[in-house]
Amino acid sequence: MSSTFVSSSNPWFGAALLNWYPRHRRDLPWRHTRDPYAIWLSEVILQQTRVKQGLPYYLDFITTYPTVHDLAAAPQDEVLRHWQGLGYYSRARNMHHTAQQVVQEYSGRFPGTYAELLKLRGVGQYTAAAIASFAYDEQVAVLDGNVYRVLARVFGLAQDIAAPASRKVFQQVADTLIPADQPAEFNQAIMEFGAIQCTPVKPDCLFCPLQSQCYAFQHGLISELPVKSKAKAGRTRYFHYFVLQYEDTLYMRKRGPKDIWEGLYDFALHEADSADLPARTVVDTVEALGGRIDLAQVEEPVQSLRHVLSHQKVEARFHPVKLEAPLTPKALATAGLLPYKASEIESLPKSILITNYISNIGF
DNA sequence: TAATCGTGGAT
DNA sequence: TATCCAAGATT
């Protein structure tokens, strides 16, 4: 597969996109501002996230935290609670950290160049380029999933877009195409074109302004480009949650690093090799936490929920445990548990799995 | 570099 | 039901 000649001396590509864009662009709130804070907020929210899913979160964040100072001053749990349900929670933690850094080290003003933006936690090459071009008109090309797809098809680039090494090829092409006088418009245009017209499945080639110039269309390779290697299948994990309750107190835990859902709250957890757990193990586990339970309670039906993540499946069983006495401070410290009233749990950030469980049993 | 980090919608 | 994948970043 050969590549079409690419050069800024071939301006048809940018001209076609910049003509297409104002006729097809969606009216989105972050397109009405040049405030780097608002743009940064929208870009982080939209990482690996569809506009339809991210939009309500953007409106909530920009309303709750109108400035970087407001976000920086908020507790992490509150920020994560607003992020709840959006996934990839490191984005929220990194975003919160960066807000505090911008306030403390940049006097509340975002860095003004691509190179400086790139240093911020949670801001990679794409997001730095997006902010730099949208807010400051810097001539640096964005490279997201849309751009990969459009460039691969139009110019017949067959490199594996899942391989990091392919990035430099696409980046070089994009950098060559982006015009000096309208970098922001070009970046918006090529992404919007990929999102609306040059879609992954069934792209609208019939009314495509690039059709006559498109390598993939002319060679019947639309469904073959871009080339993307498949990710390996994820593993299945078996979570046994012990929902410890004493009177109206429930015991929960803030999840730690190096695993899914860092920073979110769940219950005392025993991870096993199977979905079944011997009754004896249930008793032992609860007693190890400092709680006491009789075997009769173990027999009661437990709720099972399956949850699918990007790289693993979780099969969770929830074992409600009525305690005869509150957990001791020592037991709490050992297990990393914290006591909450039922009414307080709503405000804690939780995964969809835990939220669903609580919704099902209704406390 | 390859693996990992969520969730929901489309096919 | 299974698979893809969406305005990526981090380690």
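In what follows, every chain begins at residue 1, and chains take the letters A, B, ... in the order their sequences are listed. Predicted, not measured: the structure shown is a model, and the values here were computed from it.
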State whether A:Q48 places a side-chain N or O below 4.0 Å from either non-bridging phosphate oxygen (OP1 or OP2) of C:dG8. yes
Under 3.5 Å donor-acceptor pair, A:Y126 side-chain atoms to C:dG8 base atoms: no
To the nearest Å, how far apart are A:R237 CZ and B:dT4 P? 11 Å
Taking only the P atom of each, what is the distance from B:dG8 to C:dA9 in whole angstrom? 22 Å
Donor/acceptor link under 3.5 angstrom from A:R50 side chain onto base of C:dC5: yes
DNA chain C: A:G122 or A:Q188, which has the more 5' nearest nucleotide? A:Q188
Considering only B:dG6, B:dT4, B:dT7, which nucleotide approaches the side chain of A:H307 most closely? B:dT7
For a quick check of understanding: with a heavy-atom distance under 4.0 Å over all strands, which category does A:I45 fall into, base, sugar-phosphate or nothing? nothing
A:L117 CG to C:dA7 P: how many Å, rounded? 21 Å
Taking C:dA7, C:dA6, B:dC5 as options, the one with an atom nearest any side-chain atom of A:N146 is C:dA7
Less than 3.5 Å apart, any donor N or O on the side chain of A:R25 or A:Q188 sitting next to an acceptor on the other? no
With a 6.0 Å cut-off on ring centres, are A:W261 and A:H307 close enough? yes
What nucleic acid atoms does A:R31 come within less than 4.0 Å of, heavy atoms only: base, sugar-phosphate, or nothing? base
Base, sugar-phosphate, or nothing: which does A:L309 touch, judged by heavy atoms less than 4.0 Å apart? base
Centre-to-centre under 6.0 Å for A:Y241 and A:Y357, is that the case here? no
Describe the nucleic acid contact of A:L28 in one word from base, sugar-phosphate, nothing, applying a heavy-atom distance below 4.0 Å. base
So A:T49, base contact, sugar-phosphate only, or nothing? Heavy-atom distance under 4.0 Å. base
Rounded to the nearest Å, what distance is computed from the CD1 atom of residue A:I161 to the C1' atom of nucleotide C:dG8? 12 Å
Report the distance from atom CD1 of A:I131 to atom C1' of C:dG8, rounded to the nearest whole Å. 13 Å
Can you check the A:R91 CZ to C:dA7 P distance for me, whole Å? 13 Å
Nearest-nucleotide wise, let me know which of A:A231 and A:G85 is further upstream toward the 5' end of DNA chain B. A:A231
Is a donor-acceptor contact shorter than 3.5 angstrom present between the side chain of A:T127 and the base of C:dG8? no
Which nucleotide in the set C:dA7, B:dT7, C:dG8 lies at the smallest distance from any side-chain heavy atom of A:E43? C:dA7
Working to the nearest 0.5 angstrom, can you tell me the gap between A:L71 CG and A:Q100 CD? 8.0 Å
When we call it a touch if two heavy atoms are under 4.0 Å apart, what does A:K230 touch: a base, just sugar-phosphate, or nothing? sugar-phosphate
May I ask you to check whether A:Y126 and A:E43 show a side-chain donor-acceptor distance below 3.5 Å? yes
Identify which nucleotide among B:dG6, C:dA7, C:dT10 has an atom closest to any side-chain atom of A:S310, counting heavy atoms from C-beta outward. B:dG6
Using whole Å, report how far NE2 of A:H311 lies from P of B:dT7. 14 Å
Given the structure, check if the side chain of A:R235 and the base of B:dA3 hold any donor-acceptor pair shorter than 3.5 Å. no
Please round to the nearest 0.5 Å and tell me the distance separating atom NZ of A:K202 and atom OG of A:S223. 13.5 Å
Does the pair A:E346/A:R81 count as a salt bridge with the N-to-O cut at 4.0 Å? yes
With rounding to whole Å, what would you report as the distance between B:dA3 and C:dA7 at their P atoms? 24 Å
Is any side-chain nitrogen or oxygen of A:W83 closer than 4.0 Å to OP1 or OP2 of B:dC5? no
Under 4.0 Å between a Lys/Arg side-chain N and an Asp/Glu carboxylate O for A:D266 and A:R253? yes
Would you say A:Y58 reaches C:dA7's phosphate, i.e. side-chain N/O to OP1/OP2 under 4.0 Å? no
Nearest to the side chain of A:P164, heavy atoms from C-beta on, is which of B:dC5, B:dA2, C:dT10? B:dA2
How is A:V308 classified with respect to the nucleic acid when contacts are heavy atoms under 4.0 Å: base, sugar-phosphate, or nothing? base
Between C:dA7, B:dC5, C:dT10, which nucleotide has the shortest distance from any of its atoms to the side chain of A:N94? C:dT10
Distance, rounded to the nearest Å, where A:K313 contributes NZ and B:dT4 contributes C1': 17 Å
Any A:Q312 side-chain N or O less than 4.0 Å from OP1/OP2 of B:dC5: yes
What is the distance, rounded to the nearest whole Å, between atom CZ of A:R167 and atom C1' of B:dA2? 16 Å
Can you work out whether A:K350 or A:A165 has the more 5'-proximal nearest nucleotide on DNA chain B? A:A165
